[in-house]
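Since we're looking at a predicted model, the values are computed, not measured. Note on naming: letters A, B, ... go to the chains in the order of the sequence lines (proteins, then strands), and numbering restarts at 1 for each one.
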Amino acid sequence: MTEKTFMAGFGGQGIISLGQLWVYCGMKEGKEVTFFPFYGAEKRGGVARASVIVSDHEIASPLVTSPDSAVVMNMDSLPLCEEVLKEGGTLLINSSLVKVDTKRKDAKVIKIPCNEIAEEIGDVKIANMVMMGALSKATGAVALDKLEAILKSFFPENKHKFIPMNMKAIEAGRAAVK
Amino acid sequence: MAEEKRLMKGNEAIAEAAIRAGCTAYFGYPITPQNELTAYMAKHMLDHKRTFIQAESEVAAINMVYGAAAAGARSMTSSSSPGMSLKQEGISYCCGADLPCVLVNVARSGPGLGGISPGQADYFQSTRGGGHGDYFHLVLAPKSVQEAAELTYEAFDLADKWRMPVMILADGLIGQMMEGVNLPAQRDLATLPKKPWAAGGQAKDHRPINHVTSINLVPAELEASVKARFKRYDEIKAQEVRYEEVNIDKAELVLVGYGTGARVALGALEMAKKLGIEVGLLRPVTLWPFPEKRVAELAAKGKKFLAVEMSMGQMVEDVKLAAAGKAEVNFYGRCGGMIPTEEEVLAEIRRLLKK
Amino acid sequence: MELIYGHPKSLKPIQTKYCPGCGHGVIHRLICEVIDELGVQERSIITNPVGCSIWADLYFDFDSVQPPHGRTPAAATGVKRVHPDHLVICYQGDGDLAAIGTAEIIHAANRGEKFTTIFVNNAIYGMTGGQMAPTTLIGQKATTAPYGRDADEAGMGYPIQVCEMLATLGGTKYLARGSVNNAANVRKTKQYIKKAFEAQLRGEGFTMVEILSPCPTNWGMQPCEGQEWLEANMIPFYKLGEIKNLLGGAEGGK
């Protein structure tokens, strides 16, 4: 199994944290992982992008040029993801912010209203965690089954109070994939 | 209990490995894409009560390294391509004064200010003695975050062993990406090699005084000292050449790449295999000394070569030199911060093999 | 019998290669006298500049480190950080300190690096053969200022008063300017050096003694004329004395 994922959204949507936590969980589940953020000269704003790979084997190129799955967190990211997604790949779309249909008729499309689900749980900022749950369910690349212990080692102590909310978001994202 | 595997950026893993190797003096200047390295050192060197200075320039930083190394410390600086150009004067002096130190280049794309995206266009500068004068120093090229940590750790030992700078030549991708890494053990500073040639501490044993210098205005003497250094280079070539091979035996075509370029080449090799095309990979880990003997052997066996680089073709010249006209040497590269894709390299393989 | 005068122990008993009338030899001796008085020969390290005094390691009988031109303060920083209990002397000329190494001296001084710079100002490049230095006086001739230094019209800029410039920096604790043109000034200069070294050994911060020094060879003069020229031309512009003294204790100017 090798799952290559491309993630995109606007700066502030937590694309980088989503990618990092995804590979961190993968690593804790014994997988080989790489996470490569697109880095630019600007610090805020613009499109945030990350390439992540989770695999049972040594990973060759860390670049994701033809991803098995793509995460579209906002409108601007849709064309980027449509362009690179491999034939028949999975397109995970945050339908709270992306109201149009994709041109990629070959893709397996999963729409998750991440913002609404996150707001219901308590904070729109955890929309990225909702998406992570959906990604886990859709790809099966990272099981996210021993989540609590992993989150405790990922987040510093002073953030531990947010773990239950993050877990709820991940669960809700998983449940939202039919 | 063994330490748990950590998810780290290449830049951070290099920094942590340096601290564990016993680096007690780090000097740096901000430049993208290596900034996490300097920031990591800023925090952790001070936590370990070791020396960290954000220098006023790359020029000052390498000369602080020169001073600290002359005083016997395990010393390091890091930068990215334009900053490494500025350090070349100091590196030449370090080589001329036989000073061990570790230099990290998280390379970007040039020339000039160029871009901040990953590049491998500093190969010539790194492997040919980038400053003035007749000299070389070891150059190690990690392909992953794990290897970046391991090679950095070992670089300090190699530097002390051979009394010369050792460069880690990474690129923006290795520096910025995160992978799982098992970190090496923390060195006990008391067990590090003694440096009887260094300045300072004379009161302990009342030894004769030491001069750390690269100057010698007597041509015959200077020639003798340069020749002695080149003898050492021959020993290094005999002992320290390192490379990794994949699927060489079955292959008619051997890909040659280092660092990120080798990762891409490996991806293309795997894709080719699925199509029933057997290609091999030769990945130099030491860029200086280059695995020239191995290339020559493979050339003699009738293998063809395809060098894959993030440049307009620099390492390929070492492949050609080693193949010495006995084998076909091809090149595929991207530059300007573009990274070749596995698909592009595969297409080149198929074009060359007509398969 | 008490020895009241002799060759300093930390200065090798050999003749220097410096030209007749050059100030370096006297300055070397002053440094060594002070080192002997402080009893720190075996824990002294000098970083030599590029320039005539690159030969200093032939004469000083203690460890030395020889960095690139102008980078002396950066290298001295590295040395001192590794050996904080040593006396580190950063020996520099005017080209090394005030031209090619301006950034290094300013930032080392501003960080309050705890070494002592001995800045030998002879208003000319010596080793390379009499070119204009950053401290060359207005009107003074040099091979690269054949009609004399002309600040405005020829765009050669003004002579830099280094002590006064560094005095504005928070890290500098002791800045003094002496001269070796006559016995009285030599004695005073030695006091400045001693104060600076003692302050360094107490870990007080950046200390520097600028020393006006003759270079009759490149000034195109006889040795005696050089002493007179320095007195008449350099001292009026480069004022002697303690330019900044924030040292603690009895010696201090606090």
*Who pairs with B:Tyr153 by ring-ring contact (aromatic ring centres under 6.0 Å, His included), at least two apart in sequence or on another chain?*
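Counting only residues at least two positions away or on another chain, B:Tyr153 forms no ring-ring contact (aromatic ring centres under 6.0 Å, His included).
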Measure the spacing between [atom1] of [X] and [atom2] of [Y] and express it to the nearest 0.5 Å.
X: A:Asp123; Y: A:Lys125; atom1: CG; atom2: NZ; answer: 5.0 Å
X: B:Glu252; Y: B:Lys304; atom1: CD; atom2: NZ; answer: 5.0 Å
X: B:Glu147; Y: B:Glu154; atom1: CD; atom2: CD; answer: 9.5 Å

*Spell out the residues in residues 166-178 of chain A that have some non-hydrogen atom less than 4.5 Å away from a non-hydrogen atom of chain B, in order of number; otherwise answer 'none'.*
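From residues 166-178 of chain A, none sit under 4.5 Å of chain B.
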*Spell out the residues in residues 14-35 of chain A that have some non-hydrogen atom less than 4.5 Å away from a non-hydrogen atom of chain B, in order of number; otherwise answer 'none'.*
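From residues 14-35 of chain A, the residues near chain B are A:Gln20, A:Val23, A:Tyr24, A:Met27, A:Lys28, A:Glu32, A:Val33, A:Thr34, A:Phe35.
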*asked:* Under a 4.0 Å threshold between the charged nitrogen and the carboxylate oxygen, would B:Lys303 count as salt-bridged to B:Glu245?
replied: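 B:Lys303 and B:Glu245: not salt-bridged.
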*Got more than 12 heavy atoms from elsewhere within 6.0 Å of CE, B:Met338?*
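No, not enclosed.
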*So with a 6.0 Å cut-off around CE of A:Met1, is the heavy-atom count from everything else above 12?*
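Yes, the 6.0 Å shell around CE holds more than 12 heavy atoms from other groups.
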_chain B contact via A:Ile53 - which portion, at a heavy-atom distance below 4.5 Å_ =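 Neither part, no heavy atoms under 4.5 Å.
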*Among A:Thr102, A:Asn94, A:Asp101, side chain to side chain donor-acceptor pair (under 3.5 Å) partner for A:Lys111*: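 Exactly one candidate clears the test, A:Asp101.
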*Would A:Glu3 and A:Ser69 satisfy side-chain hydrogen bond (donor to acceptor under 3.5 Å, both in side chains), going step by step from the backbone distance to the final call?*
CA-CA 8 Å; A:Glu3 182 73 22; A:Ser69 48; 2.7 Å; yes
*For residues 138-149 of chain A, pull every pair meeting side-chain hydrogen bond (donor to acceptor under 3.5 Å, both in side chains), keeping only residues two or more places apart or in separate chains.*
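Residue pairs passing side-chain hydrogen bond (donor to acceptor under 3.5 Å, both in side chains), neighbours aside: none found.
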